[in-house]
Asks: 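Below is a structure I'd like to ask you about.
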Amino acid sequence: MAANRKTASAAVTIGDLARVAGVSRSTVSRAFSRPELLNPETVRRVRAAADQLGYVVNHAARALSTGRFGNIAVVVPDIANPFFPPLVRRVQTLADAAGYAVFLGDSDEIADREANLTSRLSAQVEGFVLGAPRLDEQRIRELDASRPVVLVNRDIDGLARVLIDPSGGLDEAVVHLSRLGHERVVYLSGPRESWSDQQRRAALKRAAERADLEVVIQELGRPSSAGGRDAVGGVLDSGATAVIAFDDVVAQGVMAGLSLRGVDVPRDISVIGCDDTLASGTNPALTTISAASAAAGEAAAELLLGVLSSGERSQERVTIATHLVVRSTTEAARRSDG
């Protein structure tokens with residue numbers, strides 16, 4: 001009731017809450033910092049007392065006294081890449097439900113920038129989700145020693161990680177192209193330091209060997225629409241009849257570059273992307289390999305929140321399968337002798 005509220009000049013203390021709720025001061029503190037450790041009825045009584053007295057949690061003071069900040073961080077290499085927003089949104093949804101705020105960092109594909117971001121954020125967060133981190137293994141382990149880390153698309157033994165396995169989708173893509181009569185395919189790669197690119201190269205090589213399909217690797221570096229567009233000359237010079245791009249953004253650039261040269265997709269060249277982030281928005285609709293970034297975000301959030309709740313580090317390795325989504329950018333290879 002309003003009559004029981006203290007005036008603004010007389011701040012409500014934890015001791016006040018303890019007296020009204022009939023519990024100890026430590027129980028009041030725990031009701032706000034670790035409510036999962038208490039009986040729900042006890043938490044309800046403490047929070048009802050807080051509402052009655054007009055008590056507002058001082059997060060900065062609580063962090064100083066408990067080491068719990070109520071924040072986690074998500075760091076990604078390029079937030080403009082459409083793979084990452086669904087992942088970040090899913091982490092934020094689960095974190096919000098658990099009472100955590102989410103800080104977002106963009107490393108711009110630079111390992112040193114990522115190191116600087118994680119170092120500065122460590123003073124304000126309780127844990128990290130690192131999406132496709134560019135840091136070397138030693139620095140990631142050092143970070144995990146101070147704040148729990150969950151990795152997405154980076155496989156480091158002993159750390160919690162969520163891995164999107166490209167092999168199923170690439171197997172299906174190669175079989176699909178082989179059945180359409182394609183014999184030579186260009187793979188437009190991602191950054192060499194990218195775990196995802198390393199896995200995609202290896203999976204594509206295995207699948208192509210089984211299907212007796214020739215693969216030409218064309219180094220692209222940082223994935224972008226402009227990079228895909230600029231790679232078109234090399235694609236045409238290769239004599240390949242199909243392209244598999246590192247991601248949908250690159251594939252979109254390839255399609256734009258081919259169009260500028262009067263090359264029709266898929267009549268002249270078939271194009272397949274990866275991640276299924278832009279696919280239905282391209283013209284024609286892009287055939288691509290699913291990546292389930294939202295599912296990866298959900299799995300990563302659950303792992304990190306589980307660690308923060310239990311206080312025990314996790315070494316769990318969660319794998320997410322991929323598959324080919326066939327749309328309109330692939331068809332039978334054109335024969336030069338026709």
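Only this structure's heavy atoms are used, side chains among them; waters, hydrogens and symmetry mates stay out.
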Asks: CG/L94 to CD1/I72 distance, rounded to the nearest 0.5 angstrom?
Replies: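 One gets 9.0 Å once the value is rounded to the nearest 0.5 Å.
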Asks: If hydrophobic clusters are built by linking Ile, Leu, Val, Met, Phe, Trp and Tyr wherever their side-chain heavy atoms come under 4.5 Å apart, do V88 and L308 end up in the same one?
Replies: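 Hydrophobic grouping puts V88 with L308.
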Asks: Thinking salt bridges, do R201 and D197 make one under a 4.0 Å N-O criterion?
Replies: yes
Asks: Does the distance from a Lys or Arg side-chain N to an Asp or Glu carboxylate O, for D78 and R222, drop under 4.0 Å?
Replies: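 Looking at D78 and R222, the cut-off is met.
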Asks: What do the steps show when you test S189 against E219 for side chain to side chain donor-acceptor pair (under 3.5 Å), and what is the final call?
Replies: CA-CA 5 Å; S189 71; E219 302 291 343; 3.1 Å; yes
Asks: Step by step, work out the side chain to side chain donor-acceptor pair (under 3.5 Å) result for N153 and S196.
Replies: CA-CA 6 Å; N153 281 352; S196 294; 3.1 Å; yes
Asks: CG of L143 to OG1 of T118: how many Å apart, nearest 0.5 Å?
Replies: 5.0 Å
Asks: Does N71 reach the main-chain N or O of Q124 with its side chain, forming a donor-acceptor pair under 3.5 Å?
Replies: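 Between the backbone of Q124 and the side chain of N71 there is a qualifying donor-acceptor contact (under 3.5 Å).
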Asks: Between S24 and T27, is there a side-chain donor-acceptor contact under 3.5 Å, judged purely by atom types and distance?
Replies: yes
Asks: Taking C-beta and beyond as the side chain, do F246 and S194 meet within less than 4.5 Å on heavy atoms?
Replies: yes
Asks: Check this for me, if you would: do R141 and D136 make a salt bridge, where the nitrogen-to-carboxylate-oxygen distance has to be below 4.0 angstrom?
Replies: no
Asks: Would a distance-only check, ignoring hydrogens and angles, find a side-chain to backbone donor-acceptor pair under 3.5 Å from D106 to I79?
Replies: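 Yes: the side chain of D106 pairs with the backbone of I79.
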Asks: Got a donor-acceptor contact below 3.5 angstrom from the D144 side chain to the I140 backbone?
Replies: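 Side chain of D144 to backbone of I140: no pair is present.
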Asks: Using a strict 4.0 Å threshold on nitrogen-to-oxygen distance, state whether E331 and R179 make a salt bridge.
Replies: no
Asks: Could you measure the distance from the OG1 atom of T288 to the CG atom of D276? Nearest 0.5 Å is fine.
Replies: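 Between T288 OG1 and D276 CG, I get 5.5 Å after rounding to 0.5 Å.
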Asks: Do R90 and E298 meet the salt-bridge criterion of a basic N to acidic O distance under 4.0 Å?
Replies: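 Yes, charged N to carboxylate O under 4.0 Å.
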Asks: Return the CZ to OG distance between R89 and S293, rounded to the nearest 0.5 Å.
Replies: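 With rounding to 0.5 Å, CZ (R89) is 8.0 Å from OG (S293).
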Asks: Any side-chain heavy-atom pair from V28 and V23 closer than 4.5 angstrom?
Replies: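 Contact flag for V28/V23 side chains = yes.
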Asks: Kindly check if the number of other-residue, nucleotide or ligand heavy atoms within 6.0 Å of CD (E41) is above 12?
Replies: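 Yes.
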Asks: Can we say R19 and D16 salt-bridge, meaning some charged N sits less than 4.0 Å from an Asp/Glu carboxylate O?
Replies: yes
Asks: Enter the distance from M255:CE to L278:CG here, rounded to the nearest 0.5 Å.
Replies: 10.5 Å
Asks: Using residues 156-171 as the side-chain source, report each donor-acceptor pair under 3.5 Å to any protein atom, sequence neighbours left out, with the distance given to one decimal.
Replies:
from	atom 1	to	atom 2	distance (Å)
R161	NE	D155	OD1	2.8
R161	NH1	L159	O	2.9
R161	NH1	Q315	O	3.2
R161	NH2	D155	OD1	3.2
D165	OD1	S167	N	3.0
D165	OD1	S167	OG	2.8
D165	OD2	S167	OG	3.1
D171	OD1	R210	NH2	2.6
D171	OD2	R210	NH2	3.4

Asks: State which residue, out of V325, V326, D248, I244, fulfils the side-chain contact (heavy atoms from CB on, under 4.5 Å) condition with I272.
Replies: I244
Asks: Kindly work out whether a path of hydrophobic side-chain contacts (I/L/V/M/F/W/Y, heavy atoms less than 4.5 Å apart) joins Y187 to V175.
Replies: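 No, because Y187 and V175 fall into different hydrophobic clusters, even though each may have its own neighbours under 4.5 Å.
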Asks: Hey, could you give me the OG/CZ distance between S122 and R147, rounded to the nearest 0.5 Å?
Replies: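 Between atom OG of S122 and atom CZ of R147 there are 6.0 Å.
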Asks: Between the side chains of E109 and R134, is the shortest nitrogen-to-carboxylate-oxygen separation below 4.0 Å, so that they form an ion pair?
Replies: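 Salt bridge between R134 and E109, a charged N being under 4.0 Å from a carboxylate O: yes.
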Asks: State plainly whether the residues E142 and R139 are in salt-bridge range, i.e. N to O under 4.0 Å.
Replies: no
Asks: Do other residues, nucleotides or ligands put more than 12 heavy atoms under 6.0 Å from the CG atom of N39?
Replies: yes
